[in-house]
Amino acid sequence: MASLALTSSLSVAPSSLPSLRSRKSSPFTSQFRSFSTQDRPNVLHFSRDLKSLSFPKSTSTSIFKSRELLSDSNKFGVRASASAGTAKPVAATPPSPPWQGAAMKPLLLSIAVGVALWFTPVPAGVSRNAWQLLAIFLATIVGIITQPLPLGAVALMGLGATVLTKTLTFAAAFSSFGDPIPWLIALAFFFARGFIKTGLGNRIAYQFVKLFGSSSLGLGYSLVFSEALLAPAIPSVSARAGGIFLPLVKSLCVACGSNVGDGTERRLGSWLMLTCFQTSVISSAMFLTAMAANPLSANLTFNTIKQTIGWTDWARAAIVPGLVSLIVVPLLLYVIYPPTVKSSPDAPKLAREKLEKMGPMTKNEIIMAGTLLLTVGLWIFGGMLNVDAVTAAILGLSVLLVTGVVTWKECLAESVAWDTLTWFAALIAMAGYLNKYGLISWFSQTVVKFVGGLGLSWQLSFGILVLLYFYSHYFFASGAAHIGAMFTAFLSVASALGTPPFFGAMVLAFLSNLMGGLTHYGIGSAPVFYGANYVPLAEWWGYGFLMSVVNIIIWLGVGGVWWKAIGLW
């Protein structure tokens, strides 16, 4: 019996030995662990000679314990020899597949918010349809924040709810899929694919690293001020920040070893993405031609107070607070949301080596560069040629598709682009119909009546109006929609309460850009940078709110002193 147990213990498959070592071994079996693989055929013969040996009782007990250990072969990978019989494997229970559906707690929370508001009594002056749409809109926003499903799925469910409840018709719910802004954002992702695929993005990124790459902060500032220099010439922040700078920023992140999904996002990418986005709203506020909705502010100003905001008036008033913000915001983010790699003295040398290794530009790089110049040229001079920004982008993408620089299959594989198109178009539709149903007008009138009845000085009254105007942007997916809905009402009341009309108009116009940094849907550049997936949604909103406070302090504080100096108030 002892021989049989010992024979079994010595016929362990080689792959199972580590498993046996992890168990508490008997004193006897431990003597044979030193056998090499080639010695094992002789183990059975050697075990027969052991029959004549006598063992102490304790040793015999250990041998039988070894036998009990080996009988559990299905757990420890042990293979018994022929003399001990063949162990029958026990079928392992396959693990349950992971849940692929929605995260139930966030889903129930978003539904609960919508249901609670749905059954809240409708205020006087608000239509039932408007109130129902507000309930669905807020439920969708909560879903987008908590993410029980991907953003596109949440937004699509929100649109489905509007159609199911007859709050919107199908045509109305999906009307914004024909809006040019969501498509311009999606096209920016396709351009980014061309930058990365051809290597042009890496080439430009290495040039930046060569010049400014000895520190992450220097690299960030080089991008921030490059974007600001282009701002007066490119009136679409989606095209400027998303179509030109996002591909460049992505390439820089990859070149510096900061990638999405492998835990290196905070190495450089998270800070750089958030910095470039937050400063894009600042540069948009600095020039009349830096954002498509800025001329709308100027037009509504003329209609309301009969005064004209010229290009020079705008630039002179915005230049000082704008430059201060461009300096402070990247530095502050660098302190409170720092990249883990701050100094890289060898980076410029490495970049030069990479550029030498890349050699001259390839044919596809040249095509990509030429297409970019064509598209940017049309973005700058398209107004004179009657070519809008999205048409210019489609033309540029068509060149890339025809030449094979980017394939349609690659465009279809850009899932983030299609997801962004879906949720952004859905929010634009719901926010737009909130305005059409009169809810925004009711909100504006209620606010201005309340502020007007407080009996405060014009400075305090205007400060309250500014904060309400600014933070109501959480309910908008477009700067133009917000301006169209609330600019005139707030400017009229501010003027009636004693605020210098031209001063009030300029401040509201500047803030109409800065408020875009609050969320990941508030301005055209937001979905593009957020869609790069370097910054989690909670951090995006948290730092967006913090930077909004910083910008308000700078623009009303430093800006207020500057505006007093130039006679604006």
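In this text the structure is predicted, and so the values were computed from the model without any measurement.
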Is the shortest side-chain heavy-atom distance between Leu460 and Ser457 below 4.5 Å? yes
Quick one: does Thr499's side chain have a donor or acceptor within less than 3.5 Å of a partner on Ser495's backbone? no
Calculate, to the nearest 0.5 Å, the distance between atoms OG and CE belonging to Ser175 and Met430 respectively. 11.0 Å
Over 60° means perpendicular and under 30° means parallel, so classify the ring planes of Trp442 and Trp131, tilted if in between. perpendicular
Shortest non-hydrogen contact between Leu268 and Ser258, atoms and distance: N-OG, 3.4 Å
Name the one of Phe277, Phe529, Trp423 that satisfies ring-ring contact (aromatic ring centres under 6.0 Å, His included) with His520? Trp423
Kindly assign one of parallel, tilted or perpendicular to the pair Phe503 and Trp569, based on the angle between their ring planes and the thresholds 30° and 60°. tilted
Starting from the C-alpha separation in whole Å, work towards a yes-or-no answer on side chain to side chain contact (heavy atoms under 4.5 Å, CB included) for Cys411 and Val406. CA-CA 8 Å; Cys411 292; Val406 174; 3.7 Å; yes
Can you list every salt bridge (charged side-chain N to carboxylate O under 4.0 Å, His left out) pair that touches residues 411-422, not counting sequence neighbours? Arg193-Glu414
Do Trp458 and Pro500 come within less than 4.5 Å of each other through their side chains, counting heavy atoms only? yes
Results of side-chain hydrogen bond (donor to acceptor under 3.5 Å, both in side chains) for Trp540 - residues two or more places apart only: none
Indicate yes or no for a side-chain donor-acceptor contact from Ser176 to the backbone of Ala429 under 3.5 Å, with no hydrogens or angles considered. yes
Quick one: do Leu223 and Leu272 satisfy side chain to side chain contact (heavy atoms under 4.5 Å, CB included)? Show the steps, please. CA-CA 9 Å; Leu223 291 171; Leu272 205 55; 4.0 Å; yes
Looking at residues at least two apart in the chain, or sitting in another chain, which of them share a side-chain hydrogen bond (donor to acceptor under 3.5 Å, both in side chains) with Tyr521? none
List the steps and the verdict of side chain to side chain contact (heavy atoms under 4.5 Å, CB included) for Ser297 and Ile309. CA-CA 9 Å; Ser297 298; Ile309 301 177; 5.9 Å; no
Closest heavy-atom pair, Leu497 versus Leu465, reported as atoms and distance to 0.1 Å, is CD1-CD1, 4.4 Å
Taking atom CZ of Phe475 as the centre, report whether more than 12 heavy atoms of other residues, nucleotides or ligands fall under 6.0 Å from it. no
Name the atoms and distances for all side-chain donor-acceptor pairs under 3.5 Å in residues 544-554, with sequence neighbours left out.
from   : atom 1 : to     : atom 2 : distance (Å)
Ser548 : OG     : Tyr471 : OH     : 2.9
Ser548 : OG     : Phe545 : O      : 2.4
Asn551 : OD1    : Ser325 : OG     : 3.2
Asn551 : ND2    : Met547 : O      : 3.3

Is atom CG of Asp262 surrounded by more than 12 heavy atoms (other residues, nucleotides or ligands) closer than 6.0 Å? yes
NE2 of His473 to CG of Leu514: how many Å apart, nearest 0.5 Å? 10.5 Å
So do the side chains of Leu468 and Phe490 get within less than 4.5 Å of each other, counting heavy atoms only? yes
Mark yes or no for whether Thr391, through its side chain, and Val387, through its backbone, hold a donor-acceptor pair below 3.5 Å. no
Which pair of heavy atoms, one from Pro330 and one from Val224, lies closest together, and at what distance? CG-CG2, 4.1 Å
What's the separation between atom CG in Leu133 and atom OG1 in Thr165, rounded to the nearest 0.5 Å? 8.5 Å
Measure across Ile523 and Pro527 and return the closest heavy-atom pair with its distance rounded to 0.1 Å. O-CD, 3.2 Å
Within the structure provided, determine whether Tyr530 and Val535 are in side-chain contact (heavy-atom separation under 4.5 Å). no
Can you tell me if Thr162 uses its side chain to pair, donor with acceptor, with the backbone of Ala173 under 3.5 Å? no
Give, for atom OG1 of Thr407 and atom CG of Leu412, the distance between the pair rounded to the nearest 0.5 Å. 8.5 Å
Partner residues of Ser110 under the side-chain contact (heavy atoms from CB on, under 4.5 Å) criterion, sequence neighbours left out: Leu107, Val142
Is there a side-chain contact between Val126 and Pro123 (heavy atoms, below 4.5 Å)? yes
Decide side chain to side chain contact (heavy atoms under 4.5 Å, CB included) for Leu300 and Leu491; before the verdict, give the C-alpha distance in whole Å, the side-chain angles of both, and the deciding distance to 0.1 Å. CA-CA 9 Å; Leu300 292 176; Leu491 177 58; over 6 Å; no
With a 4.5 Å cut-off on side-chain heavy atoms, are Glu227 and Ser280 touching? yes
Polar side-chain atom of Thr279 near backbone of Ile282 as donor-acceptor pair, under 3.5 Å: no
Mind listing the closest non-hydrogen atom pair of Trp118 and Thr167 along with its distance? CH2-OG1, 4.0 Å
So do Lys166 and Gln132 actually touch side chain to side chain, heavy atoms under 4.5 Å? no
Tell me whether the rings of Trp555 and Trp563 are parallel (<30°), tilted (30 to 60°) or perpendicular (>60°). tilted
Are the side chain of Ser283 and the backbone of Ala228 linked by a donor-acceptor contact shorter than 3.5 Å? no
Answer whether the closest heavy-atom distance between the side chains of Leu187 and Val390 falls below 4.5 Å. yes
Could you check Tyr534, Tyr337, Tyr334, Tyr543 and say which one makes a ring-ring contact (aromatic ring centres under 6.0 Å, His included) with Trp271? Tyr334
Which heavy atom of Val451 sits nearest to which heavy atom of Ser461, and what is that distance? CG1-O, 3.7 Å
Once rounded to the nearest 0.5 Å, what's the spacing between atom CG of Leu164 and atom CG of Leu159? 12.5 Å
Distance (rounded to the nearest 0.5 Å) between Leu331 CG and Thr275 OG1: 10.0 Å
Hey, do the aromatic rings of Trp314 and Phe510 have their centres closer than 6.0 Å? yes
Compute the centroid of each ring, for His482 and then for Tyr469, and state whether the two points are separated by less than 6.0 Å. yes
Any salt bridge (charged side-chain N to carboxylate O under 4.0 Å, His left out) pairs touching residues 477-486, not counting sequence neighbours? none
